[in-house]
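Working notes, structure below.
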Amino acid sequence: MQFPHILLVAALGGLIAVPAFSDTQTVEITVKNSGPTALSCQAAMAHWYSVSLGDIAPGDSLSFALGADIDSGTAFLRNTKGDEMPVQRLWCGLKGKDWATRFEIPLERRAGVALKDMTLSCTDQDGKTECLTP
């Protein structure tokens, strides 16, 4: 009856290999388009790489999640290979000219401080994007 002992050793070995505490969190961000113009949201990553987070039609919402390393204060997105790519900037702007009309989504990045989930209501305000927390 060595089989149960092997399972116990394998189970304990698996527990030892898994970290007991993780310093990362998931931050949910929701952007509602309250205006008459379509919006586009983007993230600028490390090394001048940017990704589209999605477009938002008038009256619709877009939700996305960032990872956050609490110890370092780094916000990140995972690429298709699972690498954590630091987010340098996050914005939404009028579709087709999102950078020129952008509203930068504030991310408090301080070591030891957890990021908070965020909901924003955005609209076209005189050719610029304005976002408020409802």
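A distance of 4.5 Å separates OG of Ser40 from CG of Asp55, quoted to the nearest 0.5 Å. Between the OG1 atom of Thr123 and the CG atom of Leu39 there is a distance of 8.0 Å, given to the nearest 0.5 Å. If you take OG1 on Thr101 and NZ on Lys95, they are separated by 13.0 Å, rounding to the nearest 0.5 Å. To the nearest 0.5 Å, atoms OG (Ser34) and CG (Asp124) are separated by 12.0 Å. One distance of note links CG of Leu90 with CD of Gln42; it measures 10.0 Å at 0.5 Å rounding. The distance from atom NZ of Lys128 to atom CZ of Arg102, rounded to the nearest 0.5 Å, is 7.0 Å.
The backbone N or O of Ala68 sits nowhere less than 3.5 Å from a side-chain atom of Arg109 that would complete a donor-acceptor pair. For Asn33 (side chain) and Asp60 (main-chain N/O), no donor-acceptor pair under 3.5 Å exists by modelled atom type.
A pairwise comparison of heavy atoms in Glu28 and Asp117 identifies N-OD1, 2.9 Å as the closest pair. In terms of heavy-atom proximity, Gly35 sits nearest to Pro58 at O-CB, 3.2 Å. Between Gln125 and Glu130 the shortest heavy-atom distance is CB-CG, 3.3 Å. Between Gln25 and Ile70, the shortest heavy-atom contact is OE1-CG1, 3.7 Å. Contact record, Ile105 with Phe64: CD1-CZ, 4.5 Å, taken as the closest heavy-atom pair. Annotation for Leu94 and Gly127: closest pair CD1-O, 3.9 Å, computed over non-hydrogen atoms.
Every side chain to side chain donor-acceptor pair (under 3.5 Å) that Thr74 has, sequence neighbours left out, goes to Ser72. Residues meeting the side chain to side chain donor-acceptor pair (under 3.5 Å) test with Ser61, sequence neighbours left out: none. Scored by the side chain to side chain contact (heavy atoms under 4.5 Å, CB included) test, Asp83 finds Asn79, Lys81, Met85 as partners (sequence neighbours excluded). Legend: residues meeting side chain to side chain contact (heavy atoms under 4.5 Å, CB included) with Thr119, ordered by chain and number and at least two apart, are Thr30, Pro134.
Using a 4.5 Å cut-off on side-chain heavy atoms (C-beta onward), Val31 and Leu53 make no contact. Within the 4.5 Å cutoff, the side chain of Glu84 has heavy atoms near those of the Arg78 side chain. A 4.5 Å side-chain heavy-atom check between Leu120 and Lys32 finds every atom pair outside the cut-off.
Sorted by first and then second residue, the ring pair (Phe, Tyr, Trp, His ring centres under 6.0 Å) pairs involving residues 74-94 (not counting sequence neighbours) are Trp91-Trp99. The ring pair (Phe, Tyr, Trp, His ring centres under 6.0 Å) pairs that include a residue from residues 112-134 number zero, where partners must be two or more places apart or lie in different chains.
Criterion: ILVMFWY side-chain heavy atoms under 4.5 Å apart, direct or through other members. Under it, Ile29 and Val51 are part of a common hydrophobic cluster.
Of the two cysteines examined, Cys131 and Cys92, the SG atoms fail the criterion of being under 2.5 Å apart.
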